[in-house]
Amino acid sequence: MDAQKLWQATLSEIELILSKASFNTWFKTTCITKHEGHSVTVGCTNNFTKEWLENKYHKIVLKALRTLDPNIKFVEYIITTNPSLKPSQKKSSAPLFETIPVENQLELGGYAVDRDTGLNARYTFESFVVGSHNELAHAAALAVTEKPGAQYNPLFIYGGVGLGKTHLLQAIGHTVYENSKKKKKITYITSQKFTEDIVTAIRRETIDDLKKGFRATDILLIDDIQFIAGKDKTQEELFHIFNTLYQNNKQIVFTSDRPPKAISSIEDRLRSRFEGGMIVDIGIPDYETRIAIIKTKLQHIGVSLNDEIVGRIATNAQRNIRELEGTLNRILAYVKVRQTTPTAKEIDQLLEDIARPHTKHITPKQVMKIVGDFYDLDEAHMMKKSRSKELVKPRQIIMYFLRDILKMSYPNIGEKMGGKDHTTVIHACEKIERELSYNTTLSQEIATIKERILRVD
Ligand code: ADP
Ligand code: MG
């Protein structure tokens, strides 16, 4: 088999395993540059792709290659221009900003709700990018679509705002609906709407009809279940609906901004139902995943931005994907209004404008106080020259926030922290950043503290 054919066949294998979005982002522009004996060299058009393939997809690539040619033992990745790409697709010649056709602008936040299912057409598995922060949740969601009601029942997905819970929940709905040739009854509802419906039905004495409707559903998807806290009547009705569906092997999926045990004011019997199936969390996407998400979204609307800009957007929108989409929308709107390609400096300005309105009045002192309060430490104590873990962590978090929210320079932060070297500051910020991608407790703490900081007025 010649190298090109081998790669085509390999890609076909890989395409079966990955979501369309991931495949398009990482593999579409790759090629084989060399195949000699045991080793294969894969060409990538940029460094992001190269690193991503090396770190995340190497096993998949090697396995796929070896099913086609068992002699292959080594795969190497290099950066190259792909000869089969049209010149316009080559990254090197792409302008800083390409002008966007009008019909493609600002579609990122668009809504198109299906009348039969109540699902947003955008929220599918196809458009869902998988990274280490959501891998498990994604796998569990997929498993649910394969055998609804059989394996993980209920499935309980939790995570912070704007991280893809609703997207994943609705993707389950779409897939189950399509797989059943549109025969299964899908019910997607937020817990707020659920509560409203219950209250209205009680008032109008139509609660039996309402319950009948829910019991006839094949898959019940309840979004943001945390809001039923303290709503006794809603909880009671939900408990009964849950039991009926569960006994009939109907799938139930919940999302929440926190795990069941952290939802206060819910009945124990309901909490134990939530905990009775599978619980998965969605964390904060790391840098590479944010890059992948941006690229997927750009691809979707038919826009190409060069890697430098994509990198800047990813750096800027760190905590949440909805924010990231907001940033993209701002940039697209900018292009639309000016009908021109902004310079790198203008992009920075734009990104700064997005970040600044909330934060310009916050001082380093306030950040220190809030972090100190959170960990129950007073400022003088926290700044003591001590390497004890209890003090090092809050200090690192302060430095991280001074950088992340206040956008202070590293030397400046060092000075505020009692004369620390800027390399110490960089190390602290990077350490927290890295840990956020896998340490859920830390990311929850950071999210809580951040909220408090942003509320300062
Ligand atoms: P949540 O319900 O957790 O608050 P959403 O599901 O509403 O968050 O996601 C916010 C936005 O980010 C949506 O527009 C969604 O499409 C997008 N998004 C979230 N995660 C991903 C992902 N993994 N891939 C692509 N888009 C995503
Ligand atoms: Mg949501």
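Residues: numbered from 1 along the sequence shown. When a ligand or atom number is given, it counts from 1 through the structure's own listing order.
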Those residues at least two apart in sequence (or on a different chain) that pass side chain to side chain contact (heavy atoms under 4.5 Å, CB included) with I228 are S191, T195, I225, T234, Q235, L238, I266, L270, F274
Give a yes or no on whether the backbone of D404 and the side-chain of K407 come within a donor-acceptor separation of less than 3.5 Å. yes
Going by the atom numbers of ligand 1, which of them fall below 4.0 Å from some non-hydrogen atom of G160? 3 (O)
Restricting to heavy atoms, the pick from G164, G159, A137 nearest atom 9 (O) of ligand 1 would be G164
Going by heavy atoms in the side chains, are E435 and K431 under 4.5 Å from each other? yes
Using distance alone, decide if ligand 1 has a nitrogen or oxygen within less than 3.5 Å of any nitrogen or oxygen in V129. yes
For V161, atoms of ligand 1 separated by under 4.0 Å from a heavy atom: 4 (O)
Sub-3.5 Å N/O-N/O distance, G162 and ligand 1: yes
Give the atoms of ligand 1, by number and element, whose distance to some non-hydrogen atom of K297 is under 4.0 Å. 16 (O), 17 (C), 25 (C), 26 (N), 27 (C)
So that I know where these two stand, are Y123 and F128 an aromatic pair - ring centroids less than 6.0 Å apart? no
With no hydrogens and no angle check, do the side chains of T289 and D286 hold a donor and an acceptor under 3.5 Å apart? yes
Decide whether D223 and T255 meet the rule of one side-chain donor and one side-chain acceptor closer than 3.5 Å. yes
For atom 13 (C) of ligand 1, which of H138, K165, E325 has the closest heavy atom? E325
For atom 2 (O) of ligand 1, which of T166, L163, D224 has the closest heavy atom? T166
Any donor-acceptor pair under 3.5 Å linking the side chain of R452 with the backbone of I370? no
Please check if any side-chain donor atom of R215 sits under 3.5 Å from a side-chain acceptor atom of N248, or the reverse. no
Min heavy-atom dist Q170 to ligand 1 below 4.0 Å: no
Enumerate the atoms of ligand 1 whose separation from the nearest heavy atom of N134 is less than 4.0 angstrom. 23 (N)
Sub-4.0 Å heavy-atom approach of S127 to ligand 1: yes
Check whether any side-chain N or O of T217 sits under 3.5 Å from a backbone N or O of L220 as a donor-acceptor pair, and report yes or no. no
Sphere of radius 2.8 Å around the Mg ion (ligand 2) - protein N, O or S atoms inside: T166 OG1
Which of the numbered atoms in ligand 1 are under 4.0 angstrom from any heavy atom belonging to Y123? 13 (C), 14 (O), 15 (C), 16 (O)
What's the verdict on side-chain contact (heavy atoms from CB on, under 4.5 Å) for L18 and F27, showing C-alpha distance, side-chain angles and the deciding distance? CA-CA 10 Å; L18 301 181; F27 287 96; 3.4 Å; yes
Out of E126, H167, R322, who is nearest to atom 10 (C) of ligand 1 when you count heavy atoms only? R322
Exceeds 12 heavy-atom contacts within 6.0 angstrom, atom OH of Y287: yes
Taking H174 for its side chain and L119 for its backbone only, find out whether a donor-acceptor pair lies under 3.5 Å. no
